[in-house]
Q: 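Encoded as structure tokens, here's the structure I'll be asking about.
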Number of protein chains: 2
Amino acid sequence: MTAEPSRRARRHDPGRRDRLIDAALTVIADKGVAGTTHREIARVADVPLGSMTYHFDSLDQVLAEAFTRHAEQAATVFDQRLGAATDRAGAVEAVIGLVRDDLIGSPGDLILAVELYVAAARNPALKAVTQAWMQRSRDALERHFDPATAREVDALIEGLVLHSVLSTDPMTPDQIRHAIERYLR
Amino acid sequence: MTAEPSRRARRHDPGRRDRLIDAALTVIADKGVAGTTHREIARVADVPLGSMTYHFDSLDQVLAEAFTRHAEQAATVFDQRLGAATDRAGAVEAVIGLVRDDLIGSPGDLILAVELYVAAARNPALKAVTQAWMQRSRDALERHFDPATAREVDALIEGLVLHSVLSTDPMTPDQIRHAIERYLR
DNA sequence: CGCTCATGTGTACGCTCGTACACATGACGG
DNA sequence: CCGTCATGTGTACGAGCGTACACATGAGCG
């Protein structure tokens, strides 16, 4: 905890740009893309509003960089989990974890990946992030399955987790695993 | 074509409320939930702005009624298709059609169902619509499959179609069908 | 025919937003 | 030690929004 800056302005603040991107991710997870504004990000990061336009050309750019960073961070965790997995079951488990983490945000109900999908529908930069993100789990599965199967397993996992999150009657992780095993048999 | 009203105000316009909801759906499909405003809906429906607040208490109410209407319309088409289906393959095909229609909006890329998921994350009324919507396809599949299988097939279809829509390298309908058949074997 | 009031309209208010931009400031080279 | 200028800040502007509400209007009744 080097920091407890709070009130006083910090004249020189290298890495502020990075902190702003992190703050943006917090806001997205908290309020959704629709509730993400320059002012809210600045408030969360405890910097003046002007700092936003100083560091970024536009709000879209902030969103794109935030999602990109999230994808990179998720990828790191994912690669660790996948590295630990030596068989198909382990790979499947890693992908389930990846999808689950991306679908279930901090405040109970939010769905970061789905926010990204919607935002990407109208923002080409985000579309590239989305596709890279999806490609990663497919690539990982292809270490253990043929391409067609990898694709289908990937889609199955996403569908199952998505339904699981949105349902009143959520599936348990065991049920998800069972469905995938059944598919692979 | 009874109507070409365009310019002149129509003093008495029964059914205008309905037309506004339809206009709202057009706007959602066109601009997304984020781009849906009172003014835009009024413009599309060619009515004055004041008409919106006269007919609806809030924009949220418009969104909820619009999504509800869409779900009802989709359900009608779905029930027809499903009525024509007498076997498992037919039921699966009907669900694929339902999901596809809800995922692929008019302007190429839009994803009505995903817009709904995001909106529902912060709007309890929409959450109910979402769940009813999902329940419908599951119920339909349960005519032909046991509940656990129905749930899994439903999720598989949604995942496959979602990935198919978002991918640069979309799966063909045949590939989707093949994946589901493989699952059912 | 004329009165009445549900129905429908136009406008304006208060707010938040993205963005621009003139100004402050302090690190650093000379 | 001082001048300079990249770095960082505060504020204001114009646009677009949801919503409220005073007013217009014409259908239907007596």
Side-chain angles (χ1 to χ4, degrees), chain A residues 3 5-28 30-67 115 118-119 122-123 125-126, chain B residues 3 5-28 30-67 115 118-119 122-123 125-126:
Chain A
S6 239
R7 280 284 100 206
R8 278 300 96 205
R10 296 191 273 171
R11 283 296 145 192
H12 251 58
D13 188 359
R16 168 175 291 190
R17 198 172 189 284
D18 281 347
R19 288 196 304 114
L20 288 177
I21 294 174
D22 286 341
L25 271 175
T26 303
V27 174
I28 292 169
D30 229 46
K31 310 283 180 80
V33 169
T36 300
T37 66
H38 277 147
R39 285 169 173 82
E40 183 66 14
I41 296 168
R43 200 188 59 75
V44 167
D46 190 29
V47 301
L49 172 61
S51 198
M52 294 303 298
T53 47
Y54 177 70
H55 286 288
F56 303 97
D57 288 341
S58 74
L59 192 58
D60 272 354
Q61 189 194 343
V62 180
L63 289 178
E65 294 202 26
F67 276 116
E115 292 272 354
V118 169
R122 300 180 197 291
N123 184 331
L126 291 182
Chain B
S6 237
R7 279 285 97 209
R8 276 301 96 205
R10 294 189 275 172
R11 281 295 145 194
H12 251 60
D13 188 0
R16 166 175 292 191
R17 197 174 189 283
D18 280 349
R19 287 196 304 114
L20 288 177
I21 294 174
D22 286 341
L25 272 175
T26 302
V27 174
I28 293 169
D30 231 44
K31 310 284 181 79
V33 169
T36 301
T37 66
H38 279 148
R39 284 169 172 84
E40 183 65 14
I41 297 168
R43 200 187 60 74
V44 167
D46 191 29
V47 300
L49 171 62
S51 198
M52 293 302 299
T53 47
Y54 177 71
H55 286 289
F56 304 97
D57 288 341
S58 74
L59 193 58
D60 271 354
Q61 189 192 344
V62 181
L63 289 178
E65 293 202 26
F67 275 117
E115 292 272 355
V118 169
R122 302 181 194 289
N123 183 331
L126 291 183

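Note that the coordinates shown come from a computational prediction; the quantities given were computed from them, not determined experimentally. Just so we're on the same page: letters track the sequence lines, and every chain starts at 1.
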Q: Just how far, in rounded Å, is C1' of C:dT9 from CE of B:M52?
A: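 Taking atom C1' of C:dT9 as the reference, CE of B:M52 is at 14 Å.
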
Q: Is a donor-acceptor pair below 3.5 Å formed from side chain A:R39 to base C:dG18, judging by atom type as modelled?
A: yes

Q: For the side chain of A:T53, counting heavy atoms from C-beta on, which of D:dG8, D:dT9, C:dC21 is nearest?
A: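 For A:T53, the side-chain atoms sit closest to C:dC21.
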
Q: What is the distance, to the nearest angstrom, from the CG atom on A:L59 to the P atom on C:dT19?
A: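 The distance from CG of A:L59 to P of C:dT19 comes to 7 Å, rounded to the nearest Å.
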
Q: Taking the side chain of A:H38 as its heavy atoms from C-beta onward, which of C:dT9, C:dG18, D:dT19 lies nearest to it?
A: C:dG18

Q: Of the nucleotides C:dG8, D:dG10, C:dG18, which has the atom closest to the A:P48 side chain?
A: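 Given the options C:dG8, D:dG10, C:dG18, the side chain of A:P48 is closest to D:dG10.
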
Q: Would you mind telling me which of C:dT9, D:dG18, D:dG8 lies closest to the side-chain atoms of B:R16?
A: C:dT9

Q: Starting at NE2 of B:H55 and ending at P of D:dA20, how long is that distance when rounded to a whole Å?
A: 16 Å

Q: Just how far, in rounded Å, is P of C:dC13 from CG of B:L49?
A: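 Whole-Å distance recorded here is 15 Å.
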
Q: Please report the shortest heavy-atom distance between A:I28 and A:A66, naming the atom on each side.
A: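 Residues A:I28 and A:A66, closest heavy atoms: CD1-CB, 4.2 Å.
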
Q: Starting at the 5' end of DNA chain C, which residue's closest nucleotide do you reach first, A:G50 or A:E40?
A: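 So the residue in question is A:E40.
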
Q: Atom CD of B:Q61 and atom C1' of D:dT19: how far apart are they, to the nearest Å?
A: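 Interatomic distance, CD of B:Q61 to C1' of D:dT19: 14 Å.
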
Q: Starting at CG of A:D46 and ending at P of D:dG8, how long is that distance when rounded to a whole Å?
A: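 Distance check: A:D46 CG to D:dG8 P gives 15 Å.
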
Q: Looking at every heavy atom in both B:A45 and B:L20, which two are closest together, and how far apart are they?
A: CB-CD2, 3.6 Å

Q: What's the shortest heavy-atom distance between A:R122 and B:D30, and which atoms?
A: NH1-O, 3.3 Å

Q: For residues B:S51 and B:R16, report the shortest heavy-atom separation together with the two atoms involved.
A: OG-NH1, 3.1 Å

Q: For A:Y54 and for B:Y54, find the nucleotide of DNA chain C with the closest heavy atom, then tell me which residue's nucleotide is more 5'.
A: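 Final value for this comparison: B:Y54.
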
